[in-house]
Amino acid sequence: MIYPSINEIMKAKNIDSKYTLVVATAKRAREINQTKVTFSECKSDKAVTIALHEIYENKISFKTADTSKSMSLDDTIMNHILEENMNNSSEEQFDMFEEE
C-alpha cells in the first residue's frame, strides 16, 4: 500500500479530482525515469511512489488547465468553417432532391 494514501494527498493539497492527481503523478514519474533526479527521500525506488511523495511534500508543484477560459480564436475560426461546410453540404443535398 502506498503511503501517503491518495485520499490524504488530495485532502492535503486541495486537489479537485483523482484524475488530476494521476496525470500530475504520471508526468512527474516520467521525468524521474528520464532524468533520475528526485527531490524526496523515499524508501521506494519506484518512480510513481517517489512522484506521489514529492507532490505530498510540496517538493513539486503543478498547474491545472483553466477550463473556464473561452475558446481560442483558432477554435472559433475552425467552428465557423465547419458550420459553413455543413450548411453548404446540406444545401447541395437539398438541391439534388429538387432536380429529380
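All values below were derived from every heavy atom in this structure, side-chain atoms included, with hydrogens, water molecules and symmetry-related copies excluded.
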Item to complete: Kindly work out whether a path of hydrophobic side-chain contacts (I/L/V/M/F/W/Y, heavy atoms less than 4.5 Å apart) joins Tyr56 to Tyr19.
Response: no

Item to complete: List, by chain and number, the other hydrophobic cluster members for Ile32, where Ile, Leu, Val, Met, Phe, Trp and Tyr join if side-chain heavy atoms come within less than 4.5 Å, directly or indirectly.
Response: Ile50

Practice prompt. To the nearest 0.5 angstrom, please state how far the CE atom of Met10 sits from the OG1 atom of Thr20.
Written response: 7.5 Å

Discussion item. Among residues at least two apart in sequence or on other chains, which ones pass side-chain contact (heavy atoms from CB on, under 4.5 Å) with Asn7?
Written reply: Ser5, Lys18

Item to complete: Would you sort out whether Lys11 and Glu8 count as a salt bridge (charged side-chain N to carboxylate O under 4.0 Å, His left out), showing the intermediate values?
Response: CA-CA 5 Å; Lys11 285 180 187 175; Glu8 285 180 46; over 6 Å; no

Practice prompt. Apply salt bridge (Lys or Arg N to Asp or Glu O under 4.0 Å) to Glu57 and list each qualifying residue two or more places apart in sequence or on a separate chain.
Written response: none

Worksheet item: Can you find a pair of side-chain heavy atoms, one from Leu52 and one from Leu21, that are under 4.5 Å apart?
Response: yes

Item to complete: Kindly compute the distance separating OG (Ser40) from CG (Asn58), expressed to the nearest 0.5 Å.
Response: 11.0 Å

Item to complete: Compare all side-chain heavy atoms of Phe39 with those of Arg28 and state whether any distance is below 4.5 angstrom.
Response: yes

Response to the item:
To the nearest 0.5 Å, atom NZ of Lys46 lies from atom NE2 of His53 at 12.0 Å

Worksheet item: Taking all non-hydrogen atoms of both residues, which atom of Ala29 and which atom of Ala51 are closest, and how far apart?
Response: N-CB, 3.9 Å

Worksheet item: Is the backbone of Ile60 close enough, under 3.5 Å, to the side chain of Glu54 for a donor and an acceptor to pair up by distance?
Response: no

